[in-house]
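Taking it in order: structure first as structure tokens, then the write-up.
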Amino acid sequence: MDQVSTLEEESLYIIREAYHKIENLGMLWSIGKDSTVLMWLTRKAFFGHVPFPVIHIDTSFKIPEMIAYRDRMAEEWDFNLIVGQNTEALKEGMDYTKGRLNCCSALKTAALKQVIAQHQIDGILLGIRHDEEGSRSKERIFSSRNQAFEWDIKDQPPEFWDTYRTDFPPGDHVRVHPLLKWSELDIWPYIERHNIPLIDLYFANADGKRYRSLGCAPCTSPIQSHARSVREIIEELETIKSSERAGRAQDQEDLHAMEKLRLAGYM
Amino acid sequence: MDTNTLFQETNASPQSNSKETPLKLVIVGHVDHGKSTFIGRMLYDTDSIEPEKLDKIQRICKDQHKPFEFAFLLDALEEEQLQGITIDTTQIRFKTPKRPFLIIDTPGHKEFLKNMVTGAANASLALVLIDALEGIQEQSKRHSYLLSFLGIQHIMVLVNKMDLIQYEENRFNEICEEYTNFLSTLDINVHQVVPISALNGDNIVFPSMQMPWYTGPTVLSFLETFQATEPVVQAQNFLRLPVQDVYKFDHRRIITGRIENGNLSVGDKIKVLPLGHEATIQSIEAWPDSDSNITTSATTGHTVGITLDYPLFIERGNVIVDSQYAPQPAQYLWANLFWMQKAPASMEKRYKLKLGSQEVSVFIQEIKRVLKTDTMTFVSNPRQIAQFDTAEVLLRVERPIIADNFHEISRTGRFVLVDEYNVAGGGVVLSTNPLIADEIVLETESIQLSDR
Ligand SMILES: Nc1nc2c(ncn2[C@@H]2O[C@H](COP(=O)(O)OP(=O)(O)O)[C@@H](O)[C@H]2O)c(=O)[nH]1
């Protein structure tokens with residue numbers, strides 16, 4: 001088995017493990033390439049079905065194409081889509097001008113908390129990867145959060161020999177990360193191999209720009225690129241040195257911005 | 001920065017094939033022996049550090065009024081950087097024109113040993129760092145022992161901080177001898193011992209000008225050519241397919257699981273343990289329909305969905321095996337147990353044993369002897385197993401399970417023990433005892449259909 005197939009097999013195993021162990025499972029879909037791969041793997045794990053709700057957190061500031069794409073895919077792939085939005089914070093005028101970290105906490109973390117409470121979800125599948133940034137590199141595949149949604153990064157369970165911690169005190173909520181061991185350069189060849197449909201924003205437009213990572217319009221910027229196909233993206237990534245999330249402004253807000261956000265429940 | 005500019009052309013370039021599986025290296029060693037510095041140096045000298053990251057670290061170091069700290073590349077957490085310690089395991093990728101690598105950094109503090117285990121368990125080669133000045137310390141030994149426990153057989157030893165002992169050959173030889181003597185008791189292969197200075201970059205990517213007496217390879221050139229001996233696939237016929245779940249999303253009743261050992265093909269006669277009912281594999285299911293490359297047979301490592309020709313009662317925790325080579329379910333296991341939890345392992349307590357998808361209540365019936373992993377000394381007839389020690393134990397499971405001798409079929413020969421909600425220890429099976437006749441309490445359920 002090659003690298004990508006080995007990762008795929010492991011991810012399928014993890015997704016099925018989560019489905020068996022977690023009663024009210026949900027999946028977070030950001031519309032980006034990673035969570036779209038996660039969606040594909042989920043359908044593969046359940047032979048074409050998506051047997052749990054798919055949650056999208058809509059900050060209302062997403063790049064508009066993302067929302068159109070989301071609704072089209074929900075219909076085409078036939079899953080139960082739950083859109084979460086922190087309408088209260090939006091009413092009070094929350095946006096990035098109030099501070100990027102505040103904005104992420106309110107419109108993403110708090111919105112996710114609301115959806116989880118409302119739908120009594122006790123575990124979610126997320127498409128984060130170790131190689132994305134520092135605090136994610138410290139994650140476990142099965143990672144629990146206490147009732148307050150906090151992540152105890154200093155006391156994480158051991159995870160070895162493909163056994164995960166799947167027993168939790170009541171009230172805990174579990175994050176499951178089937179793509180944790182994939183890198184950006186595993187994701188793209190997998191997309192190529194299975195011809196997984198992706199949003200156009202990843203491919204270079206007429207102005208020679210494309211997004212390498214997707215987020216909210218005010219805090220995400222495209223990179224200079226002429227890569228118009230998955231193959232060209234792979235070739236580009238093999239020579240590029242800057243980091244994937246360089247175009248994500250919230251990461252640059254503070255030296256430990258991502259860690260601070262994630263300790264409090266950010267994805 | 002480097003005096004050895006001659007060798008600059010070995011710098012990383014993106015030619016290696018992204019489809020190649022990276023060589024997974026775990027870096028272990030006593031605290032402060034230089035793990036993080038070594039990794040940082042390796043990345044820096046192969047030109048593998050993203051400019052934003054270098055920039056960010058420079059900013060952090062400036063904030064803390066410190067000289068540039070390579071260790072911050074991996075010690076990404078704020079607490080790790082403030083305290084200058086590694087708390088949790090991390091991994092970082094880099095590649096050279098020869099091959100891709102995945103480096104797994106692990107903490108050297110005893111308190112964070114479970115994080116070290118998490119990181120090390122996936123590696124194919126371990127690099128043990130030893131401080132030339134301090135010599136072999138408690139965690140140098142304990143880590144090496146745990147590596148062998150986790151099943152990692154290949155070790156490279158790096159004697160670091162050679163600059164602090166004036167690049168002296170004699171001291172290097174002393175450490176080599178002491179350490180290889182110790183390792184030879186553990187059934188571990190030491191492939192190479194290299195004298196290095198992580199701080200100055202000696203013998204990591206560039207050969208050292210300071211140690212002409214050392215004629216072996218640099219760390220990188222060793223790693224670039226290292227070939228792990230493929231684990232011999234033993235017991236090829238002995239199919240082990242622990243049932244992970246049974247799905248009934250449509251008209252099909254699909255039994256899923258990962259093949260932990262052996263092969264299966266459509267038409268094979270199988271047995272479902274522990275009850276022992278037989279059936280024939282009717283199909284291997286896959287999605288999307290075009291994904292037909294494994295639809296008539298599958299092998300070790302594949303996560304499959306199969307259907308049977310007969311609607312047997314099957315549930316998670318059953319194990320599907322070849323009908324001709326079915327093992328005996330076991331009620332007693334002799335095992336080597338490594339204890340990670342603070343509260344000691346006790347013979348009075350009931351734990352949960354997890355072996356693949358099998359989960360069963362278990363008692364420690366007997367503790368034969370304990371190995372204290374800090375001093376590597378044995379204690380006989382102990383009553384309990386303290387944190388971080390290992391012991392040879394007899395386990396009695398409440399329901400018969402399918403377990404293999406770890407040396408024969410490793411993936412179904414290892415397990416974890418769970419205490420309430422936490423993974424408290426890990427173990428490898430040394431031998432299994434079949435049921436003792438008068439203790440057989442097999443469920444007498446008749447064969448029935450199960451729909452999820
Ligand atoms: N003189 C010298 N100091 C070193 C060398 N390697 C690491 N150090 C120092 O040893 C200390 C501990 O190193 P670190 O990499 O944090 O060790 P870790 O705890 O094993 O990760 C730091 O102050 C390093 O600068 C070396 O080769 N020579």
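A parallel orientation is assigned to the rings of B:F388 and B:F338, their planes being inclined by less than 30° (bins at 30° and 60°). Between B:Y351 and B:W339, the two ring planes are perpendicular [angle over 60°; tilted spans 30° to 60°]. Ring orientation note: the planes of A:W161 and B:F406 are tilted relative to one another, at an angle of 30° to 60°. By the 30° and 60° cut-offs, the orientation of the rings of A:Y190 relative to A:W182 is perpendicular.
Interface residue A:S137: backbone and side-chain heavy atoms are both found under 4.5 Å from chain B. In this structure, no portion of A:E139 lies under 4.5 Å from any heavy atom of chain B. For chain B, the nearby parts of A:D155 are the backbone and the side chain; heavy atoms of each come within less than 4.5 Å. For a residue to count as touching a neighbouring chain, one of its non-hydrogen atoms must lie under 4.5 Å from one of that chain's; by this rule A:W188 does not touch chain B. For chain B, the nearby parts of A:T166 are the backbone and the side chain; heavy atoms of each come within less than 4.5 Å. With a 4.5 angstrom heavy-atom cutoff, A:F47 touches chain B via backbone and side-chain atoms both. The contact between A:Y164 and chain B is made entirely by backbone atoms, counting heavy-atom distances below 4.5 Å. Residue contact with chain A, scored on non-hydrogen atoms closer than 4.5 Å, involves the backbone and the side chain of B:V117 alike. Only the backbone of A:P157 comes within contact range of chain B, judged by heavy atoms closer than 4.5 Å. Only the side chain of B:E359 comes within less than 4.5 Å of a heavy atom in chain A; its backbone stays farther off.
Residues A:R231 and A:I234 meet the side-chain proximity criterion, which asks for heavy atoms closer than 4.5 Å. Side-chain contact check for B:K354 versus B:V423: every heavy-atom pair is 4.5 Å or farther apart.
Between atom CG of residue A:L263 and atom OG1 of residue A:T109 there is a gap of 11.0 Å, rounded to the nearest 0.5 Å. Note that CD1 of B:I284 and OG of B:S297 are 6.0 Å apart. Values are rounded to the nearest 0.5 Å.
Contact tally against chain A (heavy-atom pairs below 4.5 Å) for B:L102, B:I254, B:N122: the top residue is B:I254. Of the listed residues (A:T163, A:D131, A:L7, A:T6), the greatest number of heavy-atom pairs within a distance under 4.5 Å of chain B belongs to A:T163. When B:M340, B:K114, B:Q244, B:Q91 are compared by the number of non-hydrogen pairs under 4.5 Å with chain A, B:Q244 comes out ahead. For the set B:N422, B:L355, B:L113, B:T256, the entry with the most heavy-atom pairs within less than 4.5 Å of chain A is B:T256. Counting heavy-atom pairs under 4.5 Å between each of B:M116, B:R411, B:R316, B:E285 and chain A puts B:R316 at the top. For chain B, the option among A:R16, A:K181, A:H130 with the highest count of heavy-atom pairs below 4.5 Å is A:R16.
With respect to A:E236 and A:R210, a salt bridge is recorded, a charged nitrogen being found less than 4.0 Å from a carboxylate O.
Within a 6.0 Å sphere centred on CG of B:D250, heavy atoms belonging to other residues, nucleotides or ligands number more than 12.
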